[in-house]
Amino acid sequence: MVFALVRPVSDALPRCELTHMVREPIDLAKARSQHSAYERALAMMGCTILRAAAAPTLPDAVFVEDMAVVVDEVAVMTRPGAESRRAESAGVADALRPHRELVSMESGTLDGGDVLRLGRTLYVGRSTRTDEEGIAELERLLAPHGYTIVTVPVGDCLHLKTAVTQVADGALLVQPKWLDPAIFGDQRIIDVDPAEALAANGLLLAGRLLYSSAFPLTRARLEAAGVAVWPFDQSELAKAEGALTCCSVVF
Ligand code: CIR
């Protein structure tokens, strides 16, 4: 069974963390309806939806991806790089506990948005949110289960998965401004359209790619490469610097 863990949009979302974006008004009602559509899309792609308890005072609570790295054997509770986000962890842990043994990072910082898993290799972005110590801590927790950790230096973007995501078996969508794709070995690399800086994040599930409708030029590149794209409007959560992967933990 494939689970998708999600969490409701917080009333406090307009006070979210922002690193590379300028604050714009967020329409909460629209954000909630887009989030419901996201949940429906995940369900239609075969996921059983798990909801962490609402956290109305925690602005970024909807971005559950950053709180946990879940593999078959365990769920690693992260130490998020933004201090304001640490309180989100408890509610996510409660939702995961029935499904996985939980282990916790005890030092360093790491956001789940910096972790791209390809089989038993976890590529981890060294970013403003994730530091060397956090990467070493993830390795300490996951190496005993047979996972290899590869550090990826990332440029001027929030997370590794702002710059690269998997879009098909053996294929990655990459923003080459922010990382060197050579690190991914023989994966086939599809570059985003240069006019769409933030277009490298999509969520691959059951052979289809849930993908923002804000990036039509890159979508055309994906379709030309044979990727089945499911376009999705997530304009309001994008204003909170959220992408498609960050609103769920799929395991
Ligand atoms: C933050 O800055 O932490 C949130 N406003 C956005 C987090 C997005 N998370 C993700 O892409 N994994």
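Both counts, for ligands and for their atoms, begin at 1 and track the order of listing.
Inter-residue side-chain proximity for Val227 and Tyr211 is flagged as unmet; no heavy-atom pair is nearer than 4.5 Å.
For Arg86, the salt bridge (Lys or Arg N to Asp or Glu O under 4.0 Å) criterion is met by Glu83, not counting sequence neighbours.
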Pairs under 3.5 angstrom only: tabulate donor-acceptor contacts from the side chains of residues 39-49 to other protein residues two or more places apart or in another chain.
{"residue": "Glu39", "atom": "OE1", "partner": "Arg51", "partner atom": "NE", "Å": "3.1"}
{"residue": "Glu39", "atom": "OE1", "partner": "Arg51", "partner atom": "NH2", "Å": "2.5"}
{"residue": "Glu39", "atom": "OE2", "partner": "Arg51", "partner atom": "NE", "Å": "3.2"}

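Side-chain heavy atoms closer than 4.5 Å link hydrophobic residues (I, L, V, M, F, W, Y) into clusters, and following such links, even through other members, never connects Leu116 to Ile149.
For Arg129, the heavy-atom gap to ligand 1 drops under 4.0 angstrom. Heavy atoms of Thr19 come nearer than 4.0 angstrom to ligand 1 in no pair at all.
Counting the atoms of ligand 1 from 1 in the order shown, those under 4.0 Å from a heavy atom of Arg85 are 1 (C), 3 (O), 7 (C). The atoms of ligand 1 that sit less than 4.0 Å from any heavy atom of Ala240 are 4 (C), 5 (N), 6 (C). Per-residue contacts place Gly113 under 4.0 angstrom from the following atoms of ligand 1 (heavy atoms of the residue considered): 12 (N). The contact set between ligand 1 and His159, taken as ligand atoms under 4.0 Å from a residue heavy atom, comprises 9 (N), 10 (C), 11 (O), 12 (N).
Considering backbone and side-chain N/O of Glu241, none are found under 3.5 Å from N/O of ligand 1.
There is a side-chain donor-acceptor pair under 3.5 Å between Glu73 and Tyr147.
Under 4.0 Å is where a charged nitrogen must lie from a carboxylate oxygen, and between Arg85 and Asp66 at least one such pair does.
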